[in-house]
Structure formats: structure tokens, C-alpha cells
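Below is one structure, written out as C-alpha cells; the observations come after it.
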Number of protein chains: 2
Amino acid sequence: MHRRAGGKIPVTLKDVAREAEVSNTTVSRVLTGKVSPVMISESTRQRVLETAARLGYRPNLMARGLRTQRSGTIGVLVADITDPFSAALIPAIAAVFAARGYQFVLSHAMSDSLSGREFEPLLGSWVDGVLVLGDRVLGREAEADLLKHYHHVVGVARTRDNTMIPSVNVDDTHGIRLAIEHLLALGHRQIAFVGNRLSWDMDRRLDVFLSEMAERGLSVPPEAIALGPHSAAGGYAAATRLMDANVKPTAFLCAADLLAVGVLCALQEAGWRVPQVLSVVGFDDIPQAAYTSPPLTTVRQPVAELARTAATLLLDSIEGETEQESSNELRSDAAPLAGSPQDVRKVLLTPTLVVRRSTTSVHLCGSDCDHNVSSG
Amino acid sequence: MHRRAGGKIPVTLKDVAREAEVSNTTVSRVLTGKVSPVMISESTRQRVLETAARLGYRPNLMARGLRTQRSGTIGVLVADITDPFSAALIPAIAAVFAARGYQFVLSHAMSDSLSGREFEPLLGSWVDGVLVLGDRVLGREAEADLLKHYHHVVGVARTRDNTMIPSVNVDDTHGIRLAIEHLLALGHRQIAFVGNRLSWDMDRRLDVFLSEMAERGLSVPPEAIALGPHSAAGGYAAATRLMDANVKPTAFLCAADLLAVGVLCALQEAGWRVPQVLSVVGFDDIPQAAYTSPPLTTVRQPVAELARTAATLLLDSIEGETEQESSNELRSDAAPLAGSPQDVRKVLLTPTLVVRRSTTSVHLCGSDCDHNVSSG
DNA sequence: CTGTTAGCGCTTTCAA
DNA sequence: TTGAAAGCGCTAACAG
């Protein structure tokens with residue numbers, strides 16, 4: 001008698017069949033619920049169901065997968081689960097997957113310099129599709145590599161626009177615009193930018209910021225821009241640099257809340273009070289953003305909707321293939337991999353501005369406004 | 001010709017065999033690297049290896065798993081990946097798993113009221129073992145249920161001492177003691193406690209706090225204790241209650257950094273400056289703890305070591321079974337499931353105190369110390 | 001409506 | 001040192 005590695009007594013489909021006095025086929029048919037072509041008498045159906053439950057039968061997913069050529073498992077690629085925004089996407093994604101009978105395996109990598117190879121072990125040939133979370137994962141070549149292996153790949157929070165992966169994102173342009181207009185309405189004109197330094201790509205939000213500012217006739221000197229790694233430490237360092245620089249912004253616009261957390265910390269340590277001396281705006285609206293000191297005004301990404309949309313897109317794509325052998329639902333062109341980035345399907349969701357306490361009117365800043373005296 | 005659900009052209013072992021002009025058996029033997037019983041000529045070995053590489057062969061894990069009765073996959077149960085402390089464990093866990101050739105599937109559940117059933121879909125009969133992260137997951141019955149299905153289960157950050165699951169934890173008693181002694185050394189005598197309200201269990205750290213305080217002859221009135229859900233919001237609410245209460249603590253001890261984040265926010269909104277008016281100590285040392293305003297003094301859990309130890313324990317347990325059919329390495333008694341909680345193996349790691357800016361000597365607090373005038 | 005049969009891709013006795 | 005063959009547990013033609 002066999003003993004499964006991780007379990008105890010394995011009850012197989014055959015056991016159920018014997019006990020219920022029907023064939024394996026019947027049991028299989030009842031349990032998979034595929035009654036389309038053939039019908040099953042209500043009596044046997046009940047008997048099978050009852051027996052399976054009584055025996056505590058759990059289908060062996062590996063056997064099923066081997067047979068059906070699908071695992072019911074999705075690979076989720078994430079650069080760093082420790083990033084609150086990435087983490088925030090998981091529950092909603094998991095919910096969609098669970099509702100549709102899928103599981104997921106999480107492929108995690110701490111390094112920012114990911115070659116596709118680093119994901120190999122996880123993508124060991126048996127996931128039905130891949131969901132890629134965030135920008136800081138998969139460079140161009142790695143991306144191409146991934147697409148070579150898997151038909152069904154969808155990205156979320158994947159801002160880069162030269163990606164070949166169909167993806168669902170927040171509308172960065174609109175988000176940055178919301179932030180800028182909020183600041184402008186409060187009288188701010190000198191706005192500094194704290195952004196992410198990505199490995200393969202510039203920070204898209206920075207581009208948007210620059211062009212939106214230019215469009216409004218506001219110039220942004222290079223010294224008013226500080227880039228750093230995506231972390232509170234990165235934000236802290238960037239803010240420190242900005243405070244030392246020869247610019248006197250009245251507001252900081254951060255490309256991510258995580259950066260803003262570091263910025264806030266650096267500012268308060270230096271004695272620059274927020275928002276009295278300086279206004280700070282974030283981007284993402286991670287859970288902690290509501291509990292910084294002061295609570296952060298930020299551009300909210302519709303996290304749950306983002307996650308749901310992406311997961312649904314991916315699953316639809318996977319299941320679509322079943323019906324018509326090899327549809328290319330996610331690509332507008334027929335030839336696989338032949339399209340240029342513009343041909344790749346993109347979904348854009350709309351962000352909103354949530355105003356908390358880290359921003360205020362620039363006029364509130366009185367005579368003690370020339371805070372550069374207090375800076376080193 | 002078959003077309004895999006998620007992939008493109010599947011290269012099978014048979015393909016490699018044909019191409020290399022050897023039998024499947026040989027290919028399998030070379031690739032699995034099990035050369036113990038039989039030797040393989042260096043020439044064929046090289047040929048096989050080369051062909052496999054050239055063809056881009058990737059073993060089908062489902063087929064292999066079906067045959068070997070092990071999936072090489074671990075189930076990781078987590079109450080809420082959104083919790084920074086839980087998230088912080090993942091990378092180290094993932095590293096150990098990857099290094100030993102395992103993957104993991106993450107089972108996520110948002111609800112605090114978890115029956116074991118909620119994990120069923122994930123644990124669909126094929127994981128080699130289960131790693132349980134945190135306290136807020138799996139009640140007693142669910143735990144028993146899990147142990148009924150899996151031999152190999154290990155918990156991390158699972159403080160409850162009535163658990164039947166072998167687990168590796170930080171030494172809470174020592175941690176709380178560190179915090180108390182730090183506060184005491186700074187002259188604090190009135191210490192309030194902000195804790196987690198768990199579903200199945202009291203907050204163990206509260207118990208420790210109470211007994212440690214009593215041991216030092218310090219009484220803690222019930223009004224100086226506030227419990228809430230494990231979130232910044234929970235901490236915020238708890239602090240608000242504490243500020244309104246008829247007690248005048250000079251320090252808050254928080255059972256978790258996440259709570260402390262909310263506490264800090266509530267305090268600063270109410271104008272109670274930290275640490276001038278009130279000192280605050282956290283527990284966990286989540287990444288953000290270094291970037292709160294002010295940076296948080298906290299009890300650091302050795303996250304990486306915790307994760308590594310637990311993952312290693314689990315994997316050793318799984319692989320131990322292979323050698324001697326059914327060892328009960330993790331239990332001190334022979335009869336499966338028969339032991340009482342005391343029999344279950346527990347590993348305790350030592351926490352350290354990291355002093356940042358949220359605590360200060362109580363004597364620094366001058367005449368404006370009677371902050372209760374400013375409280376509603 | 002139900003059963004028989006074949007086989008997914010791999011590992012593993014057993015025999016050569 | 002290598003190969004032939006059986007079979008893990010399940011599903012999907014194809015018969016009946």
C-alpha cells in the first residue's frame with residue numbers, strides 16, 4: 001500500500017466507484033459536473049456524491065492535470081511581495097481565482113535585476129497562465145522569453161508602455177494630472193518630484209509629470225527631481241537630497257506612497273513640518289497611507305478592480321482557448337508574437353484623488369516660509 | 001497533436017530519448033541525477049544532457065508527481081498577506097524552498113474567522129506539506145482537521161501555546177520583557193498596552209505583559225489595556241480609547257508595529273507629541289517601523305531566521321519520511337495525533353530591542369506633562 | 001444512461 | 001551500463 005508524501009490514506013476515484021458500485025467513468029462524470037453530452041440519473045448521481053463525501057474523496061489534481069493538460073494553477077510573478085501595493089493586489093486576485101476554481105503559485109524574487117531565468121523553477125511547465133504584478137519584474141528579454149513559453153500572460157500595474165504583455169493599469173496621466181491640479185489649486189507652483197528608479201525603464205509617472213507641468217507653463221529644474229529605489233528608504237534619501245538642493249519647492253509629488261512614507265519621515269526629522277512648510281502627495285493609496293503623520297493625500301489606484309480585471313482577463317483568455325483551439329483574444333493581430341507594443345491590448349482604469357492632511361494651501365505658509373535657512 | 005493549455009510545443013522526455021537515441025529510462029535517470037544504484041556512462045550522460053538542453057526540455061511536474069506521489073510543492077497558509085509582518089516572512093521562506101527544489105502555493109484568506117474549510121481548495125490533495133503563517137489563521141478544530149490530512153505541518157509566528165502544530169516562534173516573554181525594561185529604565189511606570197484581539201485566543205503578549213508587570217510590582221488597571229483588530233486602524237481606535245480613558249500612562253506598549261502605526265497617527269492628531277508627551281514601543285520591526293514619525297522603537301523579530309528555521313524544519317520532516325517510511329520527527333510521542341500540546345515541538349528564537357526615536361526618558365516630560373487637559 | 005479501454009508523461013522494478 | 005514494461009489517478013473517446 002502506498003502512502004502519499006504529504007498525506008495519510010489516499011482515497012481514489014476508484015475507491016469511490018467500487019463503494020458506489022458504478023464505473024470510474026460515472027464517478028468522474030458526476031464529480032466534474034460535465035453533464036453536457038451525457039445525462040446521469042439522479043439516483044446514481046446522489047449515490048456517487050454521497051459516497052465521495054462519506055469517504056472524504058479528494059481528486060488528485062496531478063492525475064487530473066496530467067490527463068487534461070491543464071493544472072488549474074496560475075503562476076503569479078511578483079518582484080517583491082513586501083511592497084504594500086503589490087501585496088494589496090493579492091487578495092482580490094486570489095478571490096477571483098478561487099471563485100473560478102483556480103489556485104496560484106507565487107513566484108517571488110527580491111532582486112530588482114531579474115532575468116527571466118529567475119522564475120524558471122516556478123514556471124516549471126505546468127501553470128495554465130501567468131499574471132505579472134508590477135513594473136519591477138521582467139525586463140524586455142525576459143518578457144519575450146516568457147511569452148515564448150506561455151500563451152496566456154497578463155500584467156497588472158505594469159505601466160511600461162513598450163511591454164508586449166497585455167495588461168491592466170491605472171491611468172497614470174490622469175492620476176498625475178489630478179495630483180498636479182490639486183496642488184495648483186492650493187497655490188503651489190514649485191513642485192518637486194520623487195520617483196522610482198527602475199531598472200529597465202524610466203519612471204513613466206515622471207514623464208507624465210514633466211509634460212503636464214510643461215503644458216501648464218511650469219518649468220521643473222532637474223534639481224527638483226529625485227529618483228530612488230522603490231522603498232521608504234529610497235524616499236527618505238530622495239527627500240534628503242531635495243532638501244539639500246538649491247531649489248525651494250512648496251510641494252513634493254511622490255510617484256508612490258512607499259516613497260512618500262520615507263519622504264514624510266525625512267521631512268519631519270529635518271523639522272520641515274507637513275503640510276505647513278511643505279505639502280506632500282503620494283500615489284497608490286496603500287493601506288498605511290491613511291495612518292502616516294500626517295495622513296497622506298494621495299492618488300488612489302482602484303486596487304481591487306485592477307486585480308479583478310486582470311485576473312478575469314487572464315482566466316477568460318485561458319478558457320477561451322478551450323472553445324476554439326487557439327484564439328488570440330489578447331492580441332489584435334493574428335500572428336503570435338509578431339505585434340509591436342501598440343498592438344497589445346491594454347486596459348486603463350481611472351484613479352481618484354483622496355485628500356487627507358499632507359497638503360494645504362501655500363498661502364498658509366507665512367513669513368517663516370523661507371525654510372531654506374533651517375536646511376543644512 | 002496536443003497543445004498544452006498554458007504553453008506552446010511541449011517537449012517530452014520521450015522526445016529527448018528519441019533524439020539522443022537512448023531509452024526513456026536512461027533519460028530519466030540522467031535527469032533526476034539519481035546515480036546511486038546504477039551508473040551511467042559519461043558519454044551517454046553528456047549526450048542526454050546536451051539533447052535535453054538543446055530541445056529545451058522541461059519535465060512535466062504533474063506527471064512526475066503522479067508517479068512519485070510528491071508534488072514538490074508546499075502549501076503556505078496565511079491569514080492576510082497584506083500584513084507587513086507576514087509578507088516579510090515570505091522572501092526568506094521562498095528562498096529556502098527554491099534552494100531545495102520546492103515551490104509553494106499561497107493560500108490566502110482575508111477573513112479573520114477562518115474555518116479550515118476555507119483552505120480546502122488550495123490544499124487540494126497534492127501539497128507535500130503545509131506551512132502556517134501567523135496566529136490569525138486556523139482555529140483549534142481547523143488545525144485538527146489539517147493535521148488529519150497532512151503529516152507535515154509547521155507553523156511560524158504562531159504564538160498560541162495550545163497549538164498542536166510544531167512551530168517556530170519568537171520568544172514573546174523575552175521580547176515583552178525587553179520592552180518593559182527599556183521603558184522602566186527610562187523612568188516610565190504607567191504603561192498602557194495596545195494589543196491584538198484574536199478570534200480564538202487571547203493575545204499572548206498581553207498575558208506576558210501583565211505577568212511581567214505584576215512581577216515588578218507594577219499594577220496595570222484594565223482601562224490601560226486596549227485591544228483591537230490587527231491593523232493600523234485597530235491601533236488608531238485603541239489609542240483613541242486609551243486617550244479618553246481615565247488613566248495617564250506615560251508610555252504605550254504595542255503588541256505589533258502595525259498597531260503602533262495607528263497609535264502614532266492617533267497621538268499626533270490629538271497633539272500628544274511622541275516621545276515628549278508619550279513614549280511608544282512596538283513589536284515585530286516591520287520595514288516601515290524605521291520610517292514612522294518618529295521612527296519606532298520596537299522589539300525586533302528575527303524574521304529571516306524565523307522563516308528559514310520553519311521552512312527547513314518542514315522540508316526536513318518531509319524528506320525524512322522518505323528514508324524511514326513514517327518517522328514522527330516533529331512529535332515527541334509515537335502515536336500520531338495523540339499528544340497533548342506540550343508534546344509538540346516548539347522552537348523559540350530570541351528577539352532584540354531596537355531603540356529609535358519613539359521612546360524617551362519620562363523626566364524630559366516637563367510641567368506640560370499633564371496632557372489630560374488637552375484630551376477631550 | 002453507463003461501462004470499457006486507452007493513455008497523459010514520468011519513474012521504477014525487473015530483466016538483460 | 002541499459003532497456004522493456006507496468007502503472008501512478010484520472011478523463012475522454014467510443015461503444016453499448
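Letters A, B, ... are given to chains in the order of the sequence lines, protein chains preceding strands, and every chain is numbered from 1.
Distance alone, capped at 3.5 Å, is enough to place a donor-acceptor pair between the B/Glu143 side chain and the B/Met164 backbone. Panel note: side chain B/Thr51, backbone B/Arg47; a donor-acceptor pair is recorded below 3.5 Å. Here the side chain of A/Ser28 pairs no donor or acceptor atom with the backbone of A/Asn24 at under 3.5 angstrom.
Taking atom CE on B/Met62 and atom P on C/dT11, their separation rounds to 14 Å, with Å as the unit. Across the protein-nucleic acid pair, B/Leu31 atom CG and C/dT12 atom C1' stand 16 Å apart, rounded to whole Å. When the P atom of D/dA5 is taken as reference, atom CZ of B/Arg29 falls 15 Å away, rounded to whole Å. Note: NZ (B/Lys14) to P (D/dG3) measures 15 Å, nearest angstrom. In this entry the distance linking CG of B/Leu66 with C1' of D/dT11 reads 12 Å, nearest Å. Protein atom CG of B/Leu13 is 13 Å distant from nucleotide atom P of C/dC8, rounded to whole Å. Note: CZ (A/Arg70) to P (C/dG9) measures 15 Å, nearest angstrom.
Counting atom types as modelled, B/Arg58 pairs no side-chain N or O with a base atom of C/dG9 as donor and acceptor under 3.5 Å. Counting distance only, with no hydrogens placed and no angle test, the side-chain atoms of B/Arg67 and the base atoms of D/dG9 include no donor-acceptor pair under 3.5 Å.
Along DNA chain D, the nucleotide nearest to B/Arg47 and the one nearest to B/Ala63 differ in position, and the one closer to the 5' end is contacted by B/Arg47.
Scored by the side chain to side chain contact (heavy atoms under 4.5 Å, CB included) test, B/Thr309 finds B/Val168, B/Glu305, B/Val347, B/Leu349 as partners (sequence neighbours excluded). Qualifying side chain to side chain donor-acceptor pair (under 3.5 Å) partners for B/Thr73, counting only residues two or more places apart in sequence or in other chains: none. Under the rule for a salt bridge (Lys or Arg N to Asp or Glu O under 4.0 Å), the partners of B/Arg54 that lie at least two apart in sequence or sit in another chain are B/Glu19, B/Glu50. Listed by chain and number, the residues in a side chain to side chain contact (heavy atoms under 4.5 Å, CB included) with A/Ala99 amount to none (sequence neighbours excluded). By the side chain to side chain contact (heavy atoms under 4.5 Å, CB included) test, A/Leu133 pairs with A/Val76, A/Val78, A/Leu89, A/Ile90, A/Ile93, A/Leu131, A/Val156, sequence neighbours left out. Residues passing the salt bridge (Lys or Arg N to Asp or Glu O under 4.0 Å) test with A/Arg100, sequence neighbours excluded: A/Asp316, A/Glu319. With sequence neighbours left out, the side chain to side chain contact (heavy atoms under 4.5 Å, CB included) criterion links B/Ala95 to no other residue.
Taking five base pairs at each end of the helix from C/dC1-D/dG16 to C/dA16-D/dT1, the local helix axes there meet at an angle of 40°, rounded to 10°.
Distances shorter than 4.0 Å separate some side-chain N or O of A/Thr44 from OP1 or OP2 on C/dT2. Look at A/Ser41 and you'll find a side-chain N or O under 4.0 angstrom from OP1 or OP2 of C/dT2. Between B/Arg64 and the phosphate of C/dT11, there is a side-chain N or O to OP1/OP2 separation shorter than 4.0 Å. Taking side-chain N and O atoms only, B/Gln69 has no distance below 4.0 Å to OP1 or OP2 of C/dT11.
Nearest to the side-chain atoms of A/Asn60 among the listed nucleotides D/dC10, C/dG9, C/dT11 stands D/dC10. Set against C/dC10, D/dT2, D/dC10, the side chain of A/Tyr57 has D/dC10 as its closest nucleotide.
Contacts between residues 17-28 of chain B and DNA chain C, defined by a heavy-atom separation under 4.0 Å, are made by B/Thr25, B/Ser28.
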